[in-house]
Structure formats: C-alpha cells, structure tokens
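Input: a single structure, listed below in structure tokens.
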Amino acid sequence: MCSFRPCWTCCCLLLFFSLEVQGSPKPPSAAPEQVHLSYPGEPGSMTVTWTTWVPVPSEVQYGLQPSGPLPFQARGTFSPFVDGGILRRKLYIHRVTLRGLLPGVQYVYRCGSAQGWSRRFRFRALKKGPHWSPRLAVFGDLGADNPRALPRLRRDTQQGMYDAVLHVGDFAYNLDQDNGRVGDRFMKLIEPVAASLPYMTCPGNHEERYNFSNYKARFSMPGNTEGLWYSWDLGPAHIISFSTEVYFFLHYGRHLVERQFHWLESDLQKANENRAVRPWIITMGHRPMYCSNADLDDCTWHESKVRKGLRGKFYGLEDLFYKYGVDLQLWAHEHSYERLWPIYNYQVLNGSQEMPYTHPRGPVHIITGSAGCEELLTPFTLFPRPWSALRVKEYGYTRLHILNGTHVHIQQVSDDQDGKIVDNIWVVRPLLGRMMYL
Ligand SMILES: [Fe+2]
C-alpha cells in the first residue's frame with residue numbers, strides 16, 4: 001500500500017534531481033527570434049514581426065549592401081501576448097513596417113534593439129503595379145513535426161523562386177500546444193522562408209484555441225481584423241484571404257459570419273470595379289467547399305457549410321464567389337492535393353472539352369493541404385467524383401505563377417517524388433469581356 005508521505009518525498013527528490021540535471025532556468029532573452037515578413041498592403045512596404053521574452057525596443061536596420069553598415073532604420077511597437085495555457089507564458093511580439101522601399105530591389109536587414117540583434121536576412125521588395133508576374137508558393141497544413149515540404153521550400157526560397165508565400169491555414173499543430181512552445185518551435189522552423197518572403201496567412205481549425213489568439217498575435221496581416229479576413233493586390237491579381245472557421249466555431253461570435261460575408265461582398269464589388277487593372281480574383285480559405293476525400297469533413301457533404309452557409313442557406317460562399325467571378329479558389333485542410341474542373345453548384349463548367357481551363361465558365365478550385373504534419377496524409381474515396389480532375393496523395397506544395405492578366409500557371413510539386421511536378425496546368429481568362437460569370 002502506498003501512503004501519501006513516500007510519494008511526496010519521491011516528488012521532491014525527482015524535482016531536486018531534475019533541477020540538478022537541467023541547471024537553473026535561463027534568464028529571459030532580449031534576442032529576437034521567430035523573425036518573419038508580411039506585406040501590409042501598401043506599395044513599397046514590408047512588415048517585420050519577431051518575438052522576444054522581455055520588453056525591449058522594436059527596431060529594424062536595413063540597407064542595400066550584403067555586408068557593412070545598414071544605413072536605414074525604422075522603429076515600431078511591441079505588444080505582450082499571453083498564451084492561454086496553464087503556464088500563461090508571455091511573449092513580446094514586435095512589429096516594424098518598412099516604407100518607401102524600391103520595387104524589386106533586394107534589401108538586407110536585421111531586427112532587434114541594443115539589447116540584442118537578429119542575424120541578417122535578405123528580402124526583395126515587391127514590385128509595384130499590375131504589370132509583372134508574381135510567383136507564389138501555396139500550401140496549408142504544415143506542422144512543426146513532419147514538415148515534409150519545408151526543406152525544398154527553403155531551397156526554393158534561397159534560389160529566389162518566389163515573391164510571396166500563401167499558407168492556407170493550419171500551422172504547427174498547434175501554435176498553442178504545450179503552452180505555446182510548439183508555436184515557438186514552428187515559427188523558428190519557418191524562419192528561413194518567412195524572414196525572406198512575405199508569409200501571408202489565413203486561419204485554420206488548428207488555430208482555434210483561446211479564440212485564435214496565437215494566430216492573431218503571431219502574424220501581422222493587412223487590415224484591422226487581426227488576420228481573420230483581408231485582401232491585397234499583387235501584380236495582376238487581387239488576393240482575398242478569409243476565415244472558413246467563423247462558420248464552425250460559432251461560440252466565438254455568430255456575428256463574425258455576417259461581418260465577414262458583408263466585407264467579402266463589398267471587397268468583391270471593388271475588385272470587380274478595378275478588374276480592368278487587376279483581372280484575376282483569387283481567394284484563399286482553409287476548409288474547401290468540395291473535396292473527394294474519404295473522411296467526414298465538411299467538404300465531403302453535398303451541402304457543405306462553406307458552400308451553402310449556416311443551416312444550408314445563410315451566408316454561403318459559392319453563390320457569392322460565382323456571382324463576382326472569382327477565378328481561382330485556394331483551399332487546404334485535406335492533407336492531399338486535388339484540382340477540380342471549373343465548377344458551380346456541382347455543374348462542371350469547362351471552357352471547352354479540349355481546353356477546360358481556357359475561359360472557364362466557373363471558378364477553379366485547388367485544394368493543397370499536403371505540406372506535411374503529424375496527422376499524415378488524407379486518403380481519397382475509391383472512385384473520383386465527376387467534378388474532380390486530379391487527385392494526388394503525396395506530400396508537396398503548389399507553385400502559382402501569375403504570368404499576366406490572362407495567364408496563370410499552376411504546378412504541384414511532389415516531395416515524395418523528390419520535387420517532381422505532378423500537376424501542370426494553365427488557367428486562361430479572356431483579356432477583355434467577362435467580369436462575372438452571370
Ligand atoms: Fe484543417
């Protein structure tokens with residue numbers, strides 16, 4: 001029989017020995033970590049975000065020369081973030097926006113303060129206006145464990161293959177896990193990519209804990225919705241990021257569904273007024289409207305919530321996106337890659353039999369959630385659906401090249417096949433003419 005006293009003694013001894021082994025805890029650090037970039041939506045600007053463990057000033061020093069002094073300085077602000085876990089760990093999140101950057105020019109920078117500086121990173125300022133050809137890496141569902149796509153994404157980034165990254169929800173698994181420590185590890189892991197390219201995000205279901213607070217605090221997206229929904233222009237495209245999660249976590253506020261929907265409608269109206277300048281309208285949201293995976297996720301239901309809205313009739317997104325002629329819809333959540341034929345309400349609307357993606361009569365959906373995480377890959381149903389064009393159950397990510405106002409190139413990279421391109425299509429929209437499908 002075990003009495004209370006020996007157990008208590010054992011605990012004390014264990015604690016004593018573990019402290020002996022580990023030594024005393026390190027003092028909190030003023031050195032920047034988890035450095036990443038984002039584009040705040042204002043031409044010629046870039047925001048640098050990082051973390052420290054003590055409150056210190058927020059400064060970025062930058063310049064054009066790879067070595068030597070960094071002649072420019074920008075200051076910003078920091079805000080404390082307390083994770084919702086039992087330890088209530090406190091991070092200081094620093095944000096500094098650089099302005100007046102020369103389009104397409106490479107900059108070198110470091111961030112921090114006199115109490116500690118980061119190493120030097122490089123980034124290229126985004127070009128201005130609609131007449132250039134942005135290249136993007138697109139994926140969702142990247143975890144701190146099993147992040148299969150990351151080594152190749154790092155290599156691609158070092159080779160200057162992209163102008164920005166779109167991470168379509170589900171980070172780290174999870175940002176809040178282990179009192180936010182998994183989030184810290186993940187943000188360090190993506191630093192070689194995210195400190196060199198604007199890393200643009202939308203929330204996924206894995207960010208849900210404590211009302212998405214880790215997601216909202218750790219990233220700095222355009223607008224004033226803490227990254228839940230926003231839009232930005234990139235070359236010939238208008239890119240809209242939104243939260244599918246407002247449809248599922250209603251306890252954080254049913255009003256968010258309505259607010260986001262009205263914002264989406266007014267943003268789509270403006271995007272259409274500007275369509276002669278930026279012809280492509282691209283959306284990114286985490287949970288797809290359609291998918292042919294063998295699970296019970298929302299997208300496997302005929303009347304999915306994202307597609308048809310709450311109770312099958314309120315604030316559904318398919319009608320809205322179809323009405324305003326969204327060209328391309330990027331999704332994740334399913335840990336696989338799936339390309340659909342142009343579709344509206346289960347009707348395949350190919351441009352023609354021979355060239356389905358040339359002048360498609362409905363939006364093109366890409367589901368790209370196979371970047372790698374501890375939950376492994378998601379299987380597909382045995383037989384594909386008639387609206388499913390290609391399914392790939394391999395780790396990988398998507399390359400999106402917005403060549404000009406009429407041509408977009410989409411490729412799927414397989415990490416299981418050492419970088420082999422396993423999907424390769426062009427989407428072509430008419431130069432003038434159609435604004436909306438209706
Ligand atoms: Fe997800």
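One-based numbering, in listed order, for ligands and for the atoms of each.
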Considering all heavy atoms of both residues, which atom of Glu303 and which atom of Arg307 are nearest to each other, and what is their separation?
OE2-NH2, 3.5 Å
Main chain of Cys299, side chain of Ser304: is a donor-acceptor contact present, judged purely on distance under 3.5 Å?
no
Going by the angle between their ring planes, with limits at 30° and 60°, are Phe219 and Tyr199 parallel, tilted or perpendicular?
parallel
Of all the N, O or S atoms in His333, which has the shortest distance to the Fe ion (ligand 1)?
ND1
Between the side chain of Asn179 and the main-chain N/O of Ile86, is any donor-acceptor distance below 3.5 Å?
yes
Please find out if the Fe ion (ligand 1) and some N, O or S atom of His286 are separated by less than 2.8 Å.
yes
Metal proximity, Asp170 vs the Fe ion (ligand 1), N/O/S cut-off 2.8 Å:
yes
